[in-house]
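The structure appears right after this line, and notes come after that.
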Amino acid sequence: MSHDHERETGSAFMPRYDAQGLVTGIAMDARTREVLMVAFMDAEAVARTRETGLAHFHSRSRGRLWLKGESSGHFLKVQEILVDCDQDALVMLVEPQGPACHTGARSCFYRRLVDDRLEPVSG
């Protein structure tokens, strides 16, 4: 069985990191299925997330591991991790411990594109 075939159809967890060593990490509310945020994860962030049950990411701006909630206290408790077909993106079903967005919004996706403008998402 080829490496790609095993990655796409097998049972082994074999994340496909990009040239920068990252996969996309999507945090979704486990109860409502609302997308809360999207960030990047390196191998260390994936490992720490699995070890602790709290969402960790790789901060590209800070160039280091980042525990979501480390400064705000708004942690994301991971209930389940879904892996896409080619293992380059992870969806984490989480229990948010407060707003997910650094702006204080529940989700980072609080605006919608209407024509050429951004409008608040009601909710």
Side-chain angles (χ1 to χ4, degrees):
M1 183 178 293
S2 76
H3 201 63
D4 284 342
H5 185 71
E6 173 62 24
R7 177 176 276 125
E8 293 175 359
T9 63
S11 61
F13 183 50
M14 300 166 32
R16 184 184 305 232
Y17 297 99
D18 68 12
Q20 290 75 47
L22 303 172
V23 295
T24 302
I26 302 158
M28 179 181 284
D29 187 299
R31 187 178 53 79
T32 67
R33 297 302 203 245
E34 176 183 16
V35 175
L36 300 176
M37 61 176 286
V38 176
F40 295 94
M41 303 174 80
D42 59 9
E44 183 181 14
V46 171
R48 295 290 294 143
T49 297
R50 295 177 71 200
E51 290 166 11
T52 66
L54 297 173
H56 287 71
F57 300 97
H58 174 80
S59 172
R60 295 182 300 171
S61 61
R62 292 175 249 178
R64 67 170 182 84
L65 182 69
W66 161 49
L67 166 62
K68 171 63 180 143
E70 66 189 4
S71 58
S72 67
H74 301 154
F75 298 99
L76 298 174
K77 292 185 176 181
V78 179
Q79 307 296 312
E80 186 174 7
I81 299 175
L82 304 176
V83 183
D84 82 330
C85 56
D86 56 359
Q87 298 198 40
D88 65 355
L90 305 176
V91 173
M92 292 173 288
L93 300 178
V94 303
E95 178 187 327
Q97 305 299 294
C101 186
H102 74 282
T103 65
R106 174 174 165 66
S107 166
C108 293
F109 297 92
Y110 55 88
R111 299 174 290 179
R112 70 170 46 91
L113 180 61
V114 178
D115 298 319
D116 291 328
R117 297 176 329 128
L118 297 179
E119 294 184 355
V121 173
S122 59

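- Note: L118 CG to L113 CG = 6.0 Å, rounded to the nearest 0.5 Å.
- I81 is connected to Y17 through a chain of hydrophobic side-chain contacts under 4.5 Å among Ile, Leu, Val, Met, Phe, Trp and Tyr, so both are in one cluster.
- With a 4.5 Å cut-off on side-chain heavy atoms, F75 and V94 do not count as touching.
- Under a hydrophobic clustering in which Ile, Leu, Val, Met, Phe, Trp and Tyr are joined whenever their side-chain heavy atoms come within less than 4.5 Å, directly or via other members, L22 and W66 fall into different clusters.
- The two residues D42 and H58 make their nearest non-hydrogen contact at OD2-ND1, 3.1 Å.
- Within a 6.0 Å sphere centred on CZ of R64, heavy atoms belonging to other residues, nucleotides or ligands number more than 12.
- Cluster membership for V91 and V38, using ILVMFWY side-chain heavy atoms within less than 4.5 angstrom, is shared.
- The side-chain heavy atoms of R33 and L93, taken from C-beta on, include a pair separated by under 4.5 Å.
- D84 places a side-chain N or O within 3.5 Å of a backbone atom of D88 that can act as its donor or acceptor partner.
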Subject >> CA sep, side-chain torsions, deciding dist, call: M41, M92, side chain to side chain contact (heavy atoms under 4.5 Å, CB included) >> reply: CA-CA 12 Å; M41 303 174 80; M92 292 173 288; 3.9 Å; yes

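- At most 12 non-hydrogen atoms from other residues, nucleotides or ligands lie less than 6.0 angstrom from CZ of R60.
- Judged purely by atom type and a 3.5 angstrom limit, D18 uses its side chain to pair as donor or acceptor with the backbone of Q20.
- Nearest heavy-atom pair across P15 and V23 is CB-CG1, 4.5 Å.
- When all heavy atoms are compared, the tightest approach of L36 to R106 is CD2-O, 3.7 Å.
- Between A105 and P99, the shortest heavy-atom contact is O-CB, 3.3 Å.
- Put simply, the side chain of E34 never gets that close to the backbone of D29: no donor and acceptor are under 3.5 Å apart.
- Between R62 and E70, at least one side-chain nitrogen of the basic residue sits less than 4.0 Å from a carboxylate oxygen of the acidic one, meeting the salt-bridge criterion.
- Closest approach of F57 and G25 over heavy atoms only: CE2-O, 4.2 Å.
- We find the CZ-SG distance between R7 and C85 to be 11.0 Å, quoted to the nearest 0.5 Å.
- The closest donor-acceptor contact from the side chain of Q87 to the backbone of M14 lies under 3.5 Å.
- Follow the hydrophobic side-chain contacts under 4.5 Å out from F109 and you reach M28 in the same cluster.
- In plain terms, the two heavy atoms of T49 and H56 that are nearest each other are OG1-N, 2.9 Å.
- Once rounded to the nearest 0.5 Å, the distance linking CD of E8 with CZ of R16 reads 6.5 Å.
- Linking Ile, Leu, Val, Met, Phe, Trp and Tyr whenever their side-chain heavy atoms come within less than 4.5 Å leaves L90 and L82 in two separate clusters.
- With rounding to the nearest 0.5 angstrom, the NZ atom of K68 is 6.0 Å from the CG atom of L76.
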